[in-house]
Trainee: 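Here you go, one structure.
We name chains A, B, ... by the order of the sequence lines, and we start the count at 1 in each one.
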Number of protein chains: 2
Amino acid sequence: MLISTKGDYGVRALIDLAKHEGEGPVQRADIARRRQVPESYLDHLLAQLRRDGFIRSTRGPGGGHELARSPADVRLLDVLESLEGSLAPIGCVADVTDSGQESLCGQRWVWQGIYENMRERLSGVTLAELVEHERDHERDAAVNYSI
Amino acid sequence: MLISTKGDYGVRALIDLAKHEGEGPVQRADIARRRQVPESYLDHLLAQLRRDGFIRSTRGPGGGHELARSPADVRLLDVLESLEGSLAPIGCVADVTDSGQESLCGQRWVWQGIYENMRERLSGVTLAELVEHERDHERDAAVNYSI
DNA sequence: TGTATTCCCGACTAAATCACTCGACATTGT
DNA sequence: ACAATGTCGAGTGATTTAGTCGGGAATACA
């Protein structure tokens, strides 16, 4: 599995922030409840998203988390790579500077194309589109993530 | 990482068998040496490939392993799914009969397309083509996998 | 029949990763 | 001062990865 709960939960959190944009900071506990993510785990994901500049956080009463950029400027690819690390499906297509060792993996040429296609598709999707899609399908907190 | 050493080593083994087709059974020790795979680990991979009908094995002196079908009839997709299980990149596109629970994952529509593209590409590549490619690039035992 | 060769199979293990929990601490509004 | 919030790092149980190991079964051959 290329994408674990890290990527899934993290994207859920960003979608939640996007849907509540302009309403001031959103609290971790609210995101956790609405998106059905364990709060103490969400903590780590928000920390990572903050380190990579996707969100801004403020402490104290009334604090919480906000998007640092417009949802239309946030690419799914970047979010997932922030949360999951490299999305390379097989070792021999890793995005390291391919200096020195030519890969031993004979399937490289096949996977290279798959990887590029994947990155292209994920680059083409923004947080704004994910929100739009969720709205179209009436998937929101109350509908899908609550008990 | 979607593909682990299981998939990598297993494909290497099949390529080796394909290159020695018609020369009688190929021994595990020879595959292991030529393809730089731990022999005791290769054991498990060959067992899996046999269970799924990719190879035939014979015991005793002069025994070994042979392809059960023509290399042109073996799709990379099938080999990898045999060795790795489902290649679904994210839980919500799993190929289970999607009865009941509609997935909660909002990225599903994106990943569905990526998954389909991946499976199409992997379906289009046969063992024969992998061998051909290796021959073109002079990647054989003596060239790449030995010390 | 005996023996060497080869595959077959299941048990075991060390290390890494996943999916969390927990507690101590920092910051801030009232 | 104090309560509400986020921040950070350590710890944990379950699962997966990448193997090893040893005993057993089948077979060719002398």
Trainee: Listed by chain and number, what are the side chain to side chain donor-acceptor pair (under 3.5 Å) partners of B:E129, not counting sequence neighbours?
Mentor: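 For B:E129 the side chain to side chain donor-acceptor pair (under 3.5 Å) partners, ignoring immediate neighbours, are B:T126.
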
Trainee: I need the full list of salt bridge (Lys or Arg N to Asp or Glu O under 4.0 Å) pairs touching residues 64-79 of chain A, with sequence neighbours left out, sorted by first then second residue.
Mentor: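 Non-adjacent pairs meeting salt bridge (Lys or Arg N to Asp or Glu O under 4.0 Å): A:R56-A:E66, A:R75-A:D78.
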
Trainee: Between A:D8 and A:R12, is there a salt bridge with N-O shorter than 4.0 Å?
Mentor: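 So A:R12 pairs with A:D8 through a salt bridge.
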
Trainee: Do NZ/NE/NH1/NH2 and the carboxylate oxygens of B:E134 and B:R34 come within less than 4.0 Å?
Mentor: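 Between B:R34 and B:E134 there is no salt bridge, as every charged N stays at least 4.0 Å from the carboxylate O atoms.
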
Trainee: On DNA chain C, reading 5' to 3', which nucleotide is the first and which the last to sit with an atom under 4.0 Å from a heavy atom of chain A, could you check?
Mentor: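 Under 4.0 Å from chain A, the extent on DNA chain C is C:dC18 to C:dG29.
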
Trainee: Under the side chain to side chain donor-acceptor pair (under 3.5 Å) test, which residues partner B:E39, sequence neighbours left out?
Mentor: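 Residues passing side chain to side chain donor-acceptor pair (under 3.5 Å) with B:E39: B:R28.
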
Trainee: Any side-chain to backbone donor/acceptor pair from B:Q112 onto B:V93? Under 3.5 Å, distance only.
Mentor: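 No, the answer is negative, given that no donor and acceptor are paired below the 3.5 Å cut-off.
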
Trainee: To the nearest Å, give me how far apart CD (A:E66) and P (D:dT5) are.
Mentor: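 Nearest whole value for this atom pair: 14 Å.
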
Trainee: For A:Y41 and D:dC8, give me the distance from atom OH to atom C1', rounded to whole Å.
Mentor: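 From A:Y41 OH to D:dC8 C1': 16 Å.
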
Trainee: Please report, rounded to the nearest Å, how far the C1' atom of D:dG6 is from the CG atom of A:D30.
Mentor: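 Distance, rounded to whole Å: 14 Å.
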
Trainee: Could you check how far CG of A:L46 sits from C1' of D:dC8, rounded to whole Å?
Mentor: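 Distance check: A:L46 CG to D:dC8 C1' gives 13 Å.
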
Trainee: When all nucleic acid strands are considered with a 4.0 Å heavy-atom cut-off, which category describes A:R28: base, sugar-phosphate, or nothing?
Mentor: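 Counting heavy atoms under 4.0 Å across all strands, the contact made by A:R28 includes a base.
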
Trainee: With side chains defined as the heavy atoms from C-beta onward, is the minimum distance between A:F54 and A:L17 less than 4.5 Å?
Mentor: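 No - every pair of side-chain heavy atoms lies 4.5 Å or more apart.
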
Trainee: Strictly below 4.0 Å: does B:K6 bring a side-chain N or O up to OP1 or OP2 of D:dA18?
Mentor: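 The answer is no; no side-chain N or O of B:K6 sits under 4.0 Å from OP1 or OP2.
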
Trainee: How would you summarise protein contacts on nucleotides 21-30 of chain D per nucleotide, using B for base, S for sugar-phosphate only and - for none, with heavy-atom distances below 4.0 Å?
Mentor: ---BBSBS--

Trainee: Can you measure B:L2 atom CG to D:dT17 atom C1' for me and round it to whole angstrom units?
Mentor: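 After rounding, the gap between these two atoms is 15 Å.
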
Trainee: Using heavy-atom distances to pick each residue's nearest nucleotide on DNA chain C, tell me which of B:H65 and A:E39 is more 5'.
Mentor: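 Checking each residue's closest nucleotide, the 5'-ward one belongs to B:H65.
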
Trainee: Do A:I90 and B:L2 pass the side-chain contact (heavy atoms from CB on, under 4.5 Å) test, and can you show the C-alpha distance, the side-chain angles, and the key distance before you say yes or no?
Mentor: CA-CA 6 Å; A:I90 190 170; B:L2 209 49; over 6 Å; no

Trainee: Under 3.5 Å, sequence neighbours excluded: what are the donor-acceptor pairs made by side chains of residues 57-64 of chain B?
Mentor:
from, atom 1, to, atom 2, distance (Å)
B:S57, OG, B:R50, NE, 3.1
B:S57, OG, B:H65, ND1, 2.7
B:T58, OG1, B:G64, N, 3.4

